[in-house]
**Student:** 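Submitted below is the structure of interest, expressed as structure tokens.
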Amino acid sequence: MFQVELSRQTQTLSVVLEEILTSPVMWFFCALIPCLLIGCFLDIGIFQNSLAGLQKLCIPELGRVKTSLKHLYGVAVLPAPQNLSVQSTNMKHLLTWSPVIVPGEIIYYFVEYQGEYESLYMSHIWIPSSWCSPTEGPACDITDDITATVPYNLRVRATLGSQTSAWSTLQHPFNRNSTILTPPVMEVTKDGFHLVIKLEDLGPQFEFLVAYWRREPDAKEHVKVVRSRGIPVHLETMEPGAAYCVKVRTFVKAIGRHSPFSQAECVKVQGEALPLALALFAFFGFTLMLVVMPLSVWKMGRLLRYSCCPVVVLPDTLKITNSPQKLISCRKEEVEACATAVLSSEEPFRSWI
């Protein structure tokens with residue numbers, strides 16, 4: 001029991017000593033007291049009283065040192081952000097860290113990075129992040145900063161007014177080829193007899209390998225590379241009554257990796273056989289067309305014939321009913337009688353004149 005209590009008091013004393021920021025003499029004095037106390041005082045009650053006196057002596061001195069530093073340099077030491085990590089999915093990279101909390105204050109963070117060239121040849125140069133210098137939240141989208149497939153060093157620090165924390169550096173450099181690739185969201189539809197697919201837009205670096213096949217035993221699988229994003233793409237013309245299945249995976253040429261295939265989605269084209277009534281209507285319509293067309297052609301021919309070459313019917317008075325020889329053998333007496341009769345009819349007019 002004595003050893004447990006003694007160990008606990010020693011740990012408390014160590015915590016107190018770690019917080020002391022003072023002159024070398026005071027540091028030496030506070031560090032020497034535990035050894036003297038442990039070696040000289042065996043009674044636990046005496047040790048506790050001595051420890052309380054030590055805390056009263058050292059802790060006020062610590063406060064005075066911090067106040068002196070603040071007035072001397074104009075800054076106070078903020079705790080540095082901790083637990084830096086990068087979450088990367090489908091070439092979207094997000095740097096996160098544990099927030100620095102100061103009650104009633106807004107903490108701003110600055111993010112910087114080093115590429116492979118800087119880390120090897122210009123280690124003292126760090127490039128500020130394009131979107132996170134500064135930023136309020138404990139996260140930073142570094143997608144636009146990571147432009148090559150090489151290791152990147154990342155670091156973050158916190159600021160509050162004139163107070164600035166130390167830099168916290170990512171434990172292991174980040175390389176974008178470690179990103180997690182997932183299949184895109186796809187929408188499989190049919191447009192009449194056309195198999196159509198629409199894919200999620202994941203960015204210009206992505207290509208999509210679309211596999212589709214007719215759902216039947218020993219069906220052949222077709223693969224098509226699709227680069228258009230967010231636009232419906234025609235895959236194949238389907239047969240009536242058949243079902244077709246589609247699956248897709250992403251491919252990123254910049255890192256030479258692809259995602260696993262998505263779950264297959266299938267659509268079925270219903271049999272588009274004409275209903276019986278429509279089939280009968282089509283049959284009778286075709287039969288009627290076969291009958292009407294020849295009649296129409298014949299009637300049009302007759303109309304054209306009578307329009308271009310009409311048949312003229314002579315009146316009865318002009319029709320020749322006797323033999324032409326009889327008309328020629330007209331007697332001279334009859335002709336003279338006709339002439340006399342005509343002249344006699346003109347005489348009244350002459351007398352009137």
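These values consider heavy atoms only, across backbone and side chains, with no hydrogens, waters or symmetry-generated copies.
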**Student:** Side chains of Leu290 and Thr287: closer than 4.5 Å at any heavy-atom pair?
**Tutor:**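 SC-SC contact between Leu290 and Thr287 ruled out.
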
**Student:** Have Thr159 and Thr164 got a donor and an acceptor in their side chains that come within less than 3.5 Å?
**Tutor:**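 Thr164 and Thr159 do not have a side-chain donor-acceptor pair below 3.5 Å.
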
**Student:** For residues 230-251, which residue pairs pass the side chain to side chain donor-acceptor pair (under 3.5 Å) check, not counting sequence neighbours?
**Tutor:**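 Applying side chain to side chain donor-acceptor pair (under 3.5 Å) to every pair that reaches into residues 230-251, excluding sequence neighbours, yields His194-His234, Arg214-Glu239, Arg249-His258, Thr250-Ser259.
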
**Student:** Does Glu112 offer a backbone N or O that forms a donor-acceptor pair with the side chain of Ser129 under 3.5 Å?
**Tutor:**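 No; zero donor-acceptor contacts below 3.5 Å.
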
**Student:** Check whether Val150 and Leu154 end up in the same hydrophobic cluster, where Ile, Leu, Val, Met, Phe, Trp and Tyr are linked by side-chain heavy atoms less than 4.5 Å apart.
**Tutor:**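 Yes, same cluster.
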
**Student:** Could you tell me whether Tyr109 and Trp97 have their ring centroids closer than 6.0 angstrom?
**Tutor:**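 Yes.
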
**Student:** For residues Val267 and Thr189, determine if any side-chain heavy atom of one lies less than 4.5 Å from a side-chain heavy atom of the other.
**Tutor:**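 No; the side chains remain at least 4.5 Å from each other.
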
**Student:** Do Ile231 and Lys198 pass the side-chain contact (heavy atoms from CB on, under 4.5 Å) test, and can you show the C-alpha distance, the side-chain angles, and the key distance before you say yes or no?
**Tutor:** CA-CA 6 Å; Ile231 302 174; Lys198 185 178 180 181; over 6 Å; no

**Student:** Tell me, do Val156 and Thr169 make a side-chain contact under 4.5 Å, heavy atoms counted?
**Tutor:**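 They are not in contact (no side-chain heavy atoms under 4.5 Å apart), so the answer is no.
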
**Student:** Does the side chain of Glu265 reach to within under 4.5 Å of the side chain of Val246, using non-hydrogen atoms?
**Tutor:**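 No. Closest side-chain heavy atoms not under 4.5 Å.
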
**Student:** Go through it in stages, so that I can follow the logic: the residues are Phe193 and Val269, the test is side-chain contact (heavy atoms from CB on, under 4.5 Å), and I'd like the CA-CA distance, side-chain angles, deciding distance and then a yes or no.
**Tutor:** CA-CA 7 Å; Phe193 289 97; Val269 181; 3.9 Å; yes

**Student:** Does Arg155 form a side-chain contact (heavy atoms from CB on, under 4.5 Å) with Leu84? I'd like the steps, not just the answer.
**Tutor:** CA-CA 8 Å; Arg155 68 179 186 178; Leu84 273 66; 5.5 Å; no

**Student:** Contact between Lys220 and Trp213 at the side-chain level, heavy atoms closer than 4.5 Å - yes or no?
**Tutor:**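 No, too far: nothing below the 4.5 Å cut-off.
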
**Student:** Aromatic rings Phe208 and Phe206: how do their planes relate, parallel, tilted or perpendicular, breaks at 30° and 60°?
**Tutor:**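 Phe208 and Phe206: parallel rings.
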
**Student:** If we ignore angles and hydrogens, is there a donor and acceptor under 3.5 Å between the side chains of Thr179 and Asn90?
**Tutor:**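 There is no such pair (donor and acceptor under 3.5 Å, judged by atom type) between the side chains of Thr179 and Asn90.
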
**Student:** Ser133 side chain to Val111 main-chain N or O, any donor-acceptor pair under 3.5 Å?
**Tutor:**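 Pair found, side chain donor or acceptor close to backbone of Val111.
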
**Student:** Side chains of Ser165 and Arg157: donor-acceptor distance under 3.5 Å anywhere?
**Tutor:**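 No pair is found: no donor N or O on one side chain lies under 3.5 Å from an acceptor on the other.
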
**Student:** Is there a side-chain contact between Trp131 and Asp141 (heavy atoms, below 4.5 Å)?
**Tutor:**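 Answer no - side chains too far apart.
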
**Student:** With a 3.5 Å cut-off and no angle check, do the side chains of Thr143 and His93 form a donor-acceptor pair?
**Tutor:**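 Distance-only check fails for Thr143 and His93.
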
**Student:** Do Asn153 and Tyr113 come close enough that some side-chain heavy atom pair is under 4.5 Å?
**Tutor:**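 The answer is no; the side chains never approach within 4.5 Å.
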
**Student:** Side chains of Glu116 and Leu120: closer than 4.5 Å at any heavy-atom pair?
**Tutor:**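 Counting from C-beta outward, Glu116 and Leu120 do come under 4.5 Å.
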
**Student:** Whether the side chain of Glu118 engages the backbone of Gly115 through a donor-acceptor N/O pair (distance < 3.5 Å, no angle test) should be reported.
**Tutor:**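 Present.
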
**Student:** With no hydrogens and no angle check, is any side-chain donor or acceptor of Lys224 less than 3.5 Å from a backbone partner on Leu209?
**Tutor:**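 Checking the backbone N and O of Leu209 against the side chain of Lys224, no donor-acceptor pair under 3.5 Å is found.
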
